Amino acid sequence: MRFHWFLPTNGGDGRHVVGGGHGLAPGSSGRPADVAYLTQVARAAEDNGFTAALTPTGAWCEDAWLSTAMLSQTTDRLKFLVAFRPGVVSPFLAAQMAGTFQNMSGGRLLLNVVTGGESHEQRMYGDYLDKDARYRRCDEFLEIVRRLWTGETVDFKGEFLSVDAASLGQIPDPIPDIYFGGSSPAAGIVAAKHADVYLTWGEPPDAVARKIAWIRELAASEKRERPIRFGIRMHTITRDTAAEAWAEADRLLAGIPPETIATVQKGLRLSESEGQKRMIALHNGSTSDLEIYPNVWAGVGLVRGGAGTALVGSHEQVADRIAEYAALGIEEFVLSAYPHLEGAYWFGEGVLPILASRGLWRDERPRRRANARVPFAAAGTR
């Protein structure tokens, strides 16, 4: 298994879920999305054994390419899972940007393709296609990009995109993995054809198992060189005891005014995203019955778009749930917490050692020198 963290480039990280982005003001506890703070988060992820950090994309956050390019210079090993929208940049330029990033960072780029689930936001970028058309264009986009990455001279004329004699000078080494999510039929077709890792937002295990089976069936009909892998995007509230973890979940929930929930839910119900609709269905805007499965809490989704569930419990319990998802076929976990800085340590120091002891995770960090034992008993003696 591989574990990734999250970079809060919306400037809304803090001790409350109501922390900016998705139409919410950061509030008094918001932390800045500047290089200094994001470096702290990235270094915490790096120091705790995470492989990469996901950076979001959208009008509500800083640009993912520029943010991560800066942070690649303030970190050593951490990879960056850069979310980008194929409709707002040409395929040749995107392939070139990925090659430059990969080669200048020492192979630290992964790519999360986001087609866009909100037409009104897409129009801010000058994209006026409807949702299904965006997925068809994404299919063309990824075909061109992948062919360019192999060094091929590409001639392509599609429904939306065309290139003539396109030849890339910045071949990425290695070619970055493509992460792709989506719950609609159109999304499944593109994921099965192009994704290295299919990402789902956190749902109960039986729902996740059905998604995995769906994508595997679609992928079986494609001529793939490698089998598709599966990942899940969730938040975490992990503590030394279950009581402490649930007390923290209660504290987060208590900090969300009912009028804020109503306002955010009204907006999220306008979303075209099938995944967003599935997140809403887990709680239906209500603060009751938020534990939708043992140690799976839907409270985050009351005021946050996108991934809306959290793993809540003692370190052992969270490790148990991760093992349960892994048994279904989930190999990659993209996680976060509130705040993201402290959360990286709670998970990295609490859960990852348990998973390592069970043989489910291998620490790839360079071996550290052990601290010397302090000889108190011998102090003051000859």
Side-chain angles (χ1 to χ4, degrees), residues 3-48 50-75 78-85 108 110-112 114 121 179 181 199 201-202 231-238 248-249 251-252 255-256 260 264 268 276 279 297 299-311 333-348:
F3 291 87
H4 313 295
W5 202 240
F6 184 85
L7 289 171
T9 57
N10 62 319
D13 192 20
R15 296 181 59 254
H16 301 283
V17 178
V18 183
H22 304 285
L24 299 178
S28 60
S29 63
R31 299 177 182 181
D34 57 21
V35 173
Y37 180 65
L38 293 175
T39 293
Q40 289 188 62
V41 177
R43 292 303 295 250
E46 187 171 74
D47 291 343
N48 279 282
F50 293 93
T51 299
L54 170 67
T55 303
T57 181
W60 52 276
C61 58
E62 301 291 347
D63 178 76
W65 287 101
L66 293 174
S67 299
T68 54
M70 293 179 184
L71 294 173
S72 71
Q73 302 305 295
T74 62
T75 51
L78 189 72
K79 295 182 180 181
F80 296 95
L81 181 49
V82 176
F84 77 102
R85 303 191 181 210
R108 295 165 62 191
L110 305 169
L111 289 172
N112 180 31
V114 179
E121 186 182 31
Y179 290 66
L199 277 178
W201 289 330
I232 196 166
R233 170 77 180 98
M234 302 182 79
H235 307 276
T236 60
I237 304 174
T238 179
E248 176 65 7
R251 185 192 68 80
L252 291 173
I256 305 173
T260 298
V264 173
L268 292 179
Q276 187 62 69
M279 287 290 100
W297 185 66
V300 177
L302 292 171
V303 290
R304 186 195 191 280
T309 54
L311 294 168
F333 293 80
V334 184
L335 305 173
S336 57
Y338 291 97
H340 293 79
L341 176 59
E342 290 90 327
Y345 285 96
W346 279 113
F347 189 89

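In this text the structure is predicted, and so the values were computed from the model without any measurement. Reckoned from all heavy atoms, side chains included, excluding hydrogens, waters and symmetry mates.
Note that CH2 of Trp5 is 13.5 Å distant from OG1 of Thr51, once rounded to the nearest 0.5 Å. If you take CH2 on Trp297 and NE2 on His235, they are separated by 9.5 Å, rounding to the nearest 0.5 Å. Distance CD/Gln40 to OG1/Thr74: 10.5 Å, rounded to 0.5 Å. Rounding to the nearest 0.5 angstrom, the gap separating the NZ atom in Lys79 from the NE2 atom in His4 is 8.5 Å. Note that OG1 of Thr236 is 10.5 Å distant from CD of Glu248, once rounded to the nearest 0.5 Å. Interatomic distance, Leu81 CG to Leu111 CG, rounded to the nearest 0.5 Å: 8.0 Å.
At least one donor-acceptor pair under 3.5 Å links the side chain of Arg108 to the backbone N or O of Ser72. One N or O on the side chain of Glu46 and one on the backbone of Leu78 form a donor-acceptor pair closer than 3.5 Å. Side-chain N or O atoms of Arg85 include one that pairs as donor or acceptor with a backbone N or O of Thr57 at under 3.5 Å. The backbone N or O of Arg15 lies less than 3.5 Å from a partner atom in the side chain of Arg251, making a donor-acceptor pair. The main-chain N or O of Ala59 is found under 3.5 Å from a side-chain atom of Glu121 such that the two form a donor-acceptor pair. Within the 3.5 Å criterion, the main-chain N or O of Leu7 finds no donor-acceptor partner in the side chain of His340.
At least one side-chain heavy atom of Thr238 sits less than 4.5 Å from a side-chain heavy atom of Trp346. Between Trp201 and Thr309 there is no side-chain heavy-atom pair separated by less than 4.5 Å. Annotation: side chain of Phe80 is in contact with side chain of Thr75 (closest heavy-atom distance under 4.5 Å). Between Phe333 and Met234, the closest side-chain pair of non-hydrogen atoms is not below 4.5 Å. A 4.5 Å side-chain heavy-atom check between Leu252 and Ile237 finds at least one atom pair inside the cut-off. Residues Phe6 and Val334 have side chains not in contact (no heavy-atom distance under 4.5 Å, counting atoms from C-beta outward). Leu38 has its side chain within reach of Pro8: a pair of non-hydrogen atoms, C-beta onward, lies under 4.5 Å apart.
Shortest non-hydrogen contact noted between Asn10 and Ala33 is C-CB, 4.2 Å. Nearest heavy atom pair, residue Val17 against residue Ile256, reads CB-CD1, 4.3 Å. Here the closest heavy-atom approach between residue Asp13 and residue Leu341 is recorded as OD2-N, 4.0 Å. Closest approach of Asp63 to Ser67, counting heavy atoms only: O-OG, 2.7 Å. Considering all non-hydrogen atoms of both residues, Arg31 and Gly14 come closest at NE-CA, 4.3 Å. In this structure, Ala337 and Gly343 approach most closely via the heavy-atom pair CB-CA, 3.6 Å.
One side chain, Arg233 or Ser336, offers a donor N or O that lies under 3.5 Å from an acceptor on the other.
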List the steps and the verdict of side-chain contact (heavy atoms from CB on, under 4.5 Å) for Met279 and Leu268.
CA-CA 10 Å; Met279 287 290 100; Leu268 292 179; over 6 Å; no

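Ring geometry, Phe347 versus Phe3: the interplanar angle falls from 30° to 60°, so the pair is classed tilted.
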